[in-house]
Amino acid sequence: MDIDSPKKIDHRLKTHPIIPIEERNRVDFTFNGEKMSGVDGEPVTSALYANGVRVFGHHQRDGAPQGIFCVNGQCSQCMVVVGGFPVKGCMTALREGMEIRSCDGYPSLPADDERPDYSGCLEIKTDVLVIGGGPAGINAAIELGRLGIDTLLVDDKKDLGGKLTLQTHPFFGSRDDCYAGTRGIRIAEILTGELEKLDSVRVLAGTTAVGVFFDRKIGIYDGKEYILVDPGVVLIACGAREKTLAFPGCDLPGVYGAGAFQTLLNRDLVRPTERLFIVGGGNVGLIAGYHAIQAGIKVVGLVEALDKCGGYKVHLDKLRRLGVPVYTSHTVLKAEGDGKLERITICRLDAAFNHVSGTETRFEVDTLLLAVGLSPVDELYTQLEKFGVKCFNCGDSEEIAEASAAIFSGRITGRRIARYLGKDVDIPEEWEATQQILRSKPGAVIPFEPEIKNSRAFPVIRCVEEIPCNPCVDACQKCSITIPGGSIMGQPVFSGECTGCLKCVDACPALAITLVRPGHDAEKGTSLVVVPFELPPGELKAGSFVNTVDMEGRPIGKGRVVSIKNSPFDKKRLLVSLEVPEAEACLAAGFTVLEREKGTETDGMGKPLPDETVICRCERVTAGEVRAQIRAGVRDMNILKATVRTGMGACGGKTCTDLILRLFRSEGVDPSEVTLPTGRPFVSEVPLSFFANVKKGVEE
Amino acid sequence: MISKYDAIIIGAGSVGCPTAYFLALEGWRVLVLDTAHSAGQGQNKAAIGGVRATHSDPAKITLCLQSLEIFSTWKEKHGTDIGWIKGGYCYPVYREEDEKTLRSLLPRQKKFGLDIDFVGPEEIARLVPGINMDGLRGGTYSPGDGQVSPLKMSAAFWQESKDRGAEYRFNEPVKGLLIKSGRIEGVRTVKGEYYSDVVVNAAGSFGMEVGMMAGIDIPVVPESHEAGISAPMERFFDPLIVDMRPGPEGRTTNFYFGQNDRGQVIFCYTPIDPIIGRNRSCTSEFMPVISRRLIDLIPRLRNMLVRRVWRGLYPMTPDGIIILDQVREVRGHYLCVGMCGQGFMLGPGVGLNMANFIVRGKPLIDAEIFKSVGFYRDFNAKRSEALK
């Protein structure tokens with residue numbers, strides 16, 4: 001077997017500009033007999049990744065190597081065998097002395113023939129069950145807890161916070177409403193702390209809601225016990241899962257979701273890649289790219305199929321300034337490598353999204369992140385509704401938006417539930433309005449026309465696109481930054497007095513504000529520009545020269561580093577003072593840190609989505625197999641399950657259903673003609689012993 | 001132009017599809033109608049796929065022997081894999097009364113051609129590694145039985161019958177039968193009328209409703225059973241296993257399970273109190289109960305991952321015996337209903353015999369045995385069926 005021979009390199013973050021790297025308890029374990037070292041309690045997949053293991057097993061159907069994919073307990077692709085038991089590596093905590101083996105072909109059941117004892121099946125009654133402890137779920141639980149309502153919150157991860165725990169960047173929005181300016185990881189801590197103060201809220205972390213039943217009970221399990229919950233009301237706050245994309249090689253280890261990447265990097269502090277490429281220019285892809293650079297990872301490029309990135313312009317600009325080439329109207333043609341990703345080929349798309357021959361370009365990368373959108377995790381909601389259970393939905397599982405919007409959505413929904421339960425509580429009208437604003441897509445872009453001000457210091461604000469955000473307004477002591485029109489969606493403008501205090505430079509979550517101090521050296525005709533910086537300083541030191549760039553990353557000239565200081569407000573952010581020619585002072589928005597790579601021109605366009613492309617990862621069903629069925633007249637995904645087994649695997653069609661619908665469309669079939677597969681429990685696989693509440697049995 | 005078919009079959013499931021196939025083989029022009037969006041979407045896909053001739057009722061034994069012949073030679077004849085595994089059926093025995101019952105059935109089972117014997121505990125342990133040996137007395141083993149994927153089988157019958165000219169119309173519920181002077185003339189659906197001198201009721205759990213359209217009272221009431229399936233694993237046992245004992249939890253009579261062609265364990269139990277009705281949503285009760293039964297019998301199963309659960313309907317007759325007949329009140333109208341949860345394993349045998357009965361007026365199996373499953377029998381006569 002060509003399991004990666006793990007090199008003795010420790011792929012862990014040693015330092016990080018934002019995340020504190022603390023000493024953690026180390027444990028020894030083995031993988032296929034080889035001794036390795038990991039962190040006590042971290043997910044098995046993260047421990048393996050830190051030891052350089054990229055392939056966790058080989059598929060039973062065709063022996064294809066299996067790498068990580070969702071790192072979120074959804075897909076089962078990271079199945080490994082621990083102490084004889086098949087488990088999802090990303091949901092299993094590493095322990096001292098663990099014997100881990102790759103899952104090659106079918107796992108075999110250990111011949112463990114001792115008859116066990118059972119404990120009784122626990123049943124918990126609760127007025128409100130909140131499923132999901134991310135920004136939406138926690139805030140709903142806080143509202144409920146403040147009103148003394150009996151609430152049980154379950155979350156499948158061991159730490160609450162959901163995706164907040166991956167967000168090292170400061171939040172957008174407004175300071176009053178949703179912790180704008182504070183980093184997501186810190187917001188998670190604040191919210192969890194709030195929750196702990198509330199007596200009527202019970203929290204079960206590390207607990208997955210696996211199924212909803214007709215008798216209005218919900219099965220949950222915490223890795224040790226299976227519990228039936230009998231709730232009055234259920235709130236689904238399960239967030240979103242990443243959509244995916246099919247192309248040749250999309251199933252190679254090394255191709256996975258941007259969320260999976262952020263989980264490995266920002267939560268588990270593992271540096272999973274050296275050279276990265278990103279598909280998708282929404283906020284998820286843009287932010288993942290930024291997080292990668294923060295960790296010292298080379299971001300080789302980003303492709304976006306549309307002619308414009310869908311994420312916030314400020315996020316896009318941040319990436320471009322650091323030197324990441326962004327290819328709009330481009331897509332990934334194929335991924336290749338021997339057993340794992342080694343290179344990708346991208347190409348241009350025409351207006352009708354057809355591949356343009358002659359534009360194929362190849363890049364050598366070890367990782368390709370898919371950030372092609374999110375879809376709500378709402379299957380439990382759908383089933384609960386069917387069974388007549390009173391249920392609510394909030395955050396991304398209701399509508400995909402930013403985490404700031406999820407915070408608000410949770411608050412509002414918490415109060416709505418309280419009112420449903422007869423509590424006399426007000427839902428301020430402005431909350432709804434704020435939620436709508438926070439959910440808004442970016443709006444109009446105004447031209448950027450900075451002008452030199454006759455002043456000792458003044459900020460240059462590069463926030464030219466309408467987005468819901470205003471920390472700079474709050475930051476200015478002199479109230480010189482305002483958003484005309486009153487809504488936080490508008491673009492902030494500076495006019496009036498500036499003391500040069502740098503608070504706005506510090507406060508802007510997007511690093512879109514610089515401070516100009518004109519007349520630094522009258523003889524040389526230079527000014528100072530203070531640029532916010534959140535990367536490891538590396539070679540950067542006073543006296544060194546940098547290549548300055550404008551707002552969108554276009555080169556301007558040279559700047560001399562005068563000083564590098566910690567921001568007096570946010571200790572994690574650096575403020576770099578650059579000396580630049582007077583005329584460039586307002587234009588210089590930052591400086592490049594990455595060397596731009598052009599890639600290699602190549603050919604071999606081939607047909608889009610060739611037959612051998614894997615569509616269903618769990619069962620390794622190809623586009624060709626599905627196409628043949630569609631061409632034979634199949635319009636029912638339930639028949640596809642029978643004939644080619646799409647959706648019959650561990651993930652239950654969560655990944656491939658969308659891709660199959662796209663195949664139907666490309667074959668000229670209107671998706672409304674297609675019958676979707678029937679959803680049934682369980683949403684993830686559960687060992688039999690848990691249902692029986694076996695007293696001793698599977699190890700954690 | 002009025003289109004007229006040689007036969008119209010109501011129901012594209014475990015029974016309707018094979019019946020269509022065998023009629024098409026006879027060169028008949030067949031129309032199959034179903035309310036669902038494709039074949040096998042009723043109770044067929046809820047079956048766990050065990051196929052056995054190990055019954056106590058002569059009709060079931062003989063029909064299932066024919067089914068087994070069809071299942072076991074399918075791939076050879078048609079080239080399509082239907083997941084057939086000839087792993088046999090095994091009834092492990094822990095109680096004296098069960099041993100007595102099973103032993104007393106052997107002569108009759110053998111008389112009808114079933115390859116079955118009572119074997120000792122060592123042989124059972126060889127067949128089912130890890131089985132609880134505590135009090136194990138042995139059990140029956142019938143190596144000719146096996147399992148098939150219901151999903152693949154219904155798709156295969158649908159495909160093969162289509163290839164032989166059968167026409168399928170889905171999403172088309174039947175609203176009435178066209179009957180004139182005691183003779184069937186066709187059916188009326190939500191979309192239109194179709195004409196034929198032969199109409200077969202193979203409507204499964206809707207058998208009674210279709211019967212009402214013919215003005216007859218078919219005593220078929222759906223009950224439900226829940227089932228589940230594991231993740232795939234290395235094959236470690238071949239036979240389908242039936243544990244006849246009632247469960248210690250007081251809710252189950254027997255339970256049964258097997259490991260399919262993909263290495264997945266499929267399992268199901270019979271509740272003591274039948275759950276009547278057509279609800280197919282899963283209950284919270286099933287997994288806690290079946291998990292202990294499975295682990296008590298084979299402790300190592302505790303480590304398997306459970307993937308999915310579902311609930312399927314057993315269209316039950318009062319005596320637990322199926323109904324195959326022609327309707328006396330409406331000439332040209334045939335019944336193959338009330339499969340009592342065994343429609344999948346009986347289906348091919350039923351289809352083959354009904355096709356012969358319809359085309360030649362004579363089934364393949366013994367006429368007396370065929371009569372025993374007639375519609376005009378006394379459903380309340382005490383018929384004891386030792387093996388359900």
Side-chain angles (χ1 to χ4, degrees), chain A residues 60 76 79 84-87 105-116 118 121 123 211-219 226 228 230 383 386-387 632-636 638-639 641-643 645 648-650 652 675 678 680-682 684-694 697-698, chain B residues 36-41 45 129-134 149-156 158-159 162 170-171 228 230-236 262-265 279-296 298-311:
Chain A
Q60 63 267 12
S76 283
M79 196 69 93
F85 311 109
V87 295
Y106 291 123
S108 60
L109 276 187
D112 174 8
D113 296 331
E114 187 93 5
R115 275 182 78 193
Y118 310 108
C121 180
E123 260 199 62
V212 172
F213 302 101
F214 170 68
D215 44 348
R216 303 159 71 98
K217 288 177 189 154
I218 289 141
Y226 180 69
L228 286 172
D230 183 358
Q383 288 173 30
K386 198 173 107 191
F387 298 155
V634 172
R635 296 292 178 270
D636 181 355
N638 294 293
I639 283 285
K641 282 165 82 171
T643 50
R645 291 188 66 84
M648 291 286 274
T675 305
T678 315
R680 297 191 183 284
F682 295 95
S684 72
E685 295 177 337
V686 184
L688 189 69
S689 59
F690 290 121
F691 293 113
N693 283 327
V694 165
V698 180
Chain B
H37 24 64
S38 45
Q41 296 303 307
K45 66 177 182 182
I131 192 166
N132 180 7
M133 296 298 287
D134 194 12
S149 158
L151 298 169
K152 288 182 184 169
M153 191 69 245
S154 60
W158 168 64
Q159 192 62 52
K162 259 194 341 172
F170 294 114
N171 301 311
S230 76
M233 58 200 141
E234 195 77 50
R235 170 161 295 286
F236 79 104
R262 300 285 291 211
Q264 295 174 282
V265 173
N279 188 335
R280 293 180 61 187
S281 300
C282 302
T283 72
S284 69
E285 189 180 294
F286 176 66
M287 276 319 301
V289 169
I290 190 79
S291 57
R292 291 184 184 198
R293 294 221 61 178
L294 285 163
I295 295 169
D296 279 343
I298 306 181
R300 68 175 69 168
L301 285 177
R302 80 175 83 159
N303 298 318
M304 76 183 184
L305 293 170
V306 178
R307 182 170 281 181
R308 220 99 63 215
V309 289
W310 63 90
R311 182 140 70 117

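Naming: A, B, ... by sequence-line order, numbering from 1 per chain.
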Inspect the surroundings of CZ in A:F387 and state if more than 12 heavy atoms from other residues, nucleotides or ligands are less than 6.0 Å away.
yes
Could you state the interatomic distance from OG1 (A:T675) to CZ (B:F170), rounded to the nearest 0.5 Å?
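The distance works out to 10.5 Å.
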Which distance, rounded to the nearest 0.5 Å, do you find between the CE of A:M648 and the CG of B:L151?
5.0 Å
Counting heavy-atom pairs closer than 4.5 Å to chain A, which one of [options] comes out on top?
options                        : answer
B:G228, B:A156, B:A36, B:P232  : B:P232
B:D134, B:V289, B:L301, B:I295 : B:I295
B:R293, B:M153, B:M304         : B:M304
B:S281, B:S291, B:S284         : B:S284
B:I131, B:I298, B:I290, B:D296 : B:D296

Best-contacting candidate, [options], against chain B by heavy atom pairs under 4.5 angstrom:
options                      : result
A:S684, A:A111, A:G219       : A:A111
A:N693, A:V634, A:N638       : A:N638
A:G652, A:G649, A:A632       : A:G649
A:S76, A:P107, A:S108, A:P86 : A:P107

Heavy-atom distances under 4.5 Å only: say whether [X] touches chain B with side chain, backbone, both or neither.
X      : result
A:T678 : side chain
A:F682 : both
A:Q383 : neither
A:R216 : neither

Could you tell me which portion of B:A231 (side chain, backbone, both or neither) has an atom closer than 4.5 angstrom to a non-hydrogen atom of chain A?
both
Can you tell me which portion of B:Q159 sits under 4.5 Å from chain A's heavy atoms? Options are side chain, backbone, both or neither.
neither
Side chain to side chain, [X] and [Y], heavy atoms closer than 4.5 Å:
X      : Y      : value
B:M287 : A:L688 : yes
B:L305 : B:S230 : no
B:R311 : B:F286 : no

So which heavy atom on [X] is nearest to which on [Y], and how close?
X      : Y      : result
A:Y106 : B:M233 : CB-C, 3.5 Å
B:R302 : A:P116 : NH2-CD, 3.9 Å
B:N132 : A:R115 : ND2-NH1, 3.2 Å

Pair B:R300 + A:D112, salt bridge at N-O below 4.0 Å:
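Salt bridge absent between B:R300 and A:D112.
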